[in-house]
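Structure, as structure tokens:
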Amino acid sequence: NVGIGVTDPNNHLMVGSSTGGDISVARTDSTISDGDSLGSILFKGQDDGGTGVYGIGARIQALATETWNEATAEGTSLNFYTTDNTTATHDLRMTIDDNGNVGIGTAAPASELNLKSTNPILIWEDSTSSALHGQINVNGNYLHIRSMPNDKSSVNERVSVNLSNGNVGIGDSSPDY
């Protein structure tokens, strides 16, 4: 174990001081432009027969979102990548942009929380064991608001909105009016 500012490290690397430990990852060139990487944290593993190659399982990367001018313009976003099972492709899963917007499935979130997929589903789950859960999803031309029992064994349609014509159905997944 290695300690920096710590005499009794209990992890492989432990950084500390009386005011808190900081770890910096820095880009050292004198010109930082929009889209430049400021650095990454890579989560690697080697389990391929010992060839000395480490695979990257996940990554957190900071990107400049503007041309930097120290102390006056340092816009930055954070991107989070993971790798699907049976592949070695790193997929962007989540972005926190320079305005604090969070995108899941998109690198350019348009609001505080932006979910993007072919069938996005947002689930609200109460932590009590007997609670009902809520679900909102978009499927085709419809926005659905549903409830689910605690075991999530079924989904009950509560409200549906036809996004193309504005028709609203209560307890109806395909409203006609």
Open item on the list: Are Asn101 and Ile96 packed together at the side-chain level, in the sense that at least one heavy-atom pair is separated by less than 4.5 angstrom?
Closed with: no
TODO: Enter the distance from Gln61:CD to Leu92:CG here, rounded to the nearest 0.5 Å.
DONE: 9.5 Å
- [ ] Indicate if Trp124 and Val161 have the same hydrophobic cluster label, given that clusters are the connected sets of ILVMFWY residues with side-chain heavy-atom separations under 4.5 angstrom.
- [x] yes
Open item on the list: As an exercise, state the distance from CD1 of Ile123 to CG of Asn137, rounded to the nearest 0.5 Å.
Closed with: 9.0 Å
Task: Test side chain to side chain contact (heavy atoms under 4.5 Å, CB included) applied to Thr67 and Ile32, step by step - done: CA-CA 6 Å; Thr67 299; Ile32 298 174; over 6 Å; no
Task: Cluster check Tyr81, Val102: I/L/V/M/F/W/Y, side chain < 4.5 angstrom - done: no
Task: Transitive ILVMFWY side-chain link Val155 to Val159, under 4.5 Å - done: no
TODO: Determine, for Phe80 and Arg93, whether the Lys NZ or Arg CZ falls below 6.0 Å from the six-membered ring centre while staying within 45 degrees of the axis.
DONE: no
- [ ] Please answer whether the main-chain N or O of Ser37 pairs with a side-chain N or O of Arg27 as donor and acceptor at a distance below 3.5 Å.
- [x] yes
Open item on the list: Hydrogens and angles aside, do Ser164 and Asn162 bring a side-chain donor and acceptor to less than 3.5 Å of each other?
Closed with: yes
Task: Same apolar cluster (I L V M F W Y, side chains within < 4.5 Å links), Tyr54/Ile41 - done: no
TODO: Check Gly3 against Pro9 and note the closest heavy-atom contact, atom names and distance.
DONE: N-CG, 3.6 Å
Open item on the list: For the CE atom of Met14 and the CD1 atom of Ile23, what is their distance to the nearest 0.5 Å?
Closed with: 10.5 Å
Open item on the list: For a quick check under 3.5 Å, do Thr87 and Thr89 share a side-chain donor-acceptor pair by atom type?
Closed with: no
TODO: State plainly whether one hydrophobic cluster holds both Val138 and Ile136, where clusters connect Ile, Leu, Val, Met, Phe, Trp and Tyr through side-chain heavy atoms under 4.5 angstrom apart.
DONE: yes
- [ ] Mark yes or no for whether Thr95, through its side chain, and Asp97, through its backbone, hold a donor-acceptor pair below 3.5 Å.
- [x] no
Open item on the list: Treating Thr76 as the side-chain partner and Glu74 as the backbone partner, does any N or O pair qualify as donor plus acceptor under 3.5 Å?
Closed with: yes
Open item on the list: Within this structure, what is the CD1-CD1 distance for the pair Ile145 and Ile170, rounded to the nearest 0.5 Å?
Closed with: 10.0 Å
Task: Test item: Ser160 side-chain N/O and Gly169 main-chain N/O as donor-acceptor pair under 3.5 Å - done: no
Open item on the list: Any non-hydrogen side-chain atom of Ile104 less than 4.5 Å from a side-chain atom of Asn114?
Closed with: no
Task: Expected output: side-chain Ser17 to main-chain Thr19 donor-acceptor under 3.5 Å - done: yes
Open item on the list: Ignoring hydrogens, what is the shortest heavy-atom contact between Asp91 and Asp84? Give both atom names and the distance.
Closed with: OD2-OD2, 3.2 Å
Task: Minimum side-chain heavy-atom gap Met148-His133 below 4.5 Å - done: yes
- [ ] State which residue, out of Ile56, Thr83, Ile60, fulfils the side-chain contact (heavy atoms from CB on, under 4.5 Å) condition with Phe43.
- [x] Ile60
TODO: Verify the distance criterion only: is there a donor paired with an acceptor across the side chains of Asp98 and Ser77 at less than 3.5 Å?
DONE: no
Task: Minimum side-chain heavy-atom gap Met94-Asn79 below 4.5 Å - done: no
- [ ] Nearest 0.5 Å please: distance from the CG atom of Leu163 over to the CG atom of Asn139.
- [x] 10.5 Å
- [ ] Of all the heavy-atom pairs spanning Pro149 and Ser154, show the shortest one and how long it is.
- [x] CD-O, 3.3 Å
TODO: Assess the side chains of Asn1 and Asn11: does a donor N or O sit below 3.5 Å from an acceptor N or O?
DONE: no
Task: Modelled atom types, side-chain donor and acceptor of Ser147 and Gln135, under 3.5 Å - done: no
Open item on the list: Walk me through whether Leu38 and Leu63 qualify under side chain to side chain contact (heavy atoms under 4.5 Å, CB included).
Closed with: CA-CA 6 Å; Leu38 301 174; Leu63 292 174; over 6 Å; no
Open item on the list: I'd like to check Tyr142 versus Pro175 (side-chain heavy atoms, cut-off strictly below 4.5 Å). Are they in contact?
Closed with: yes
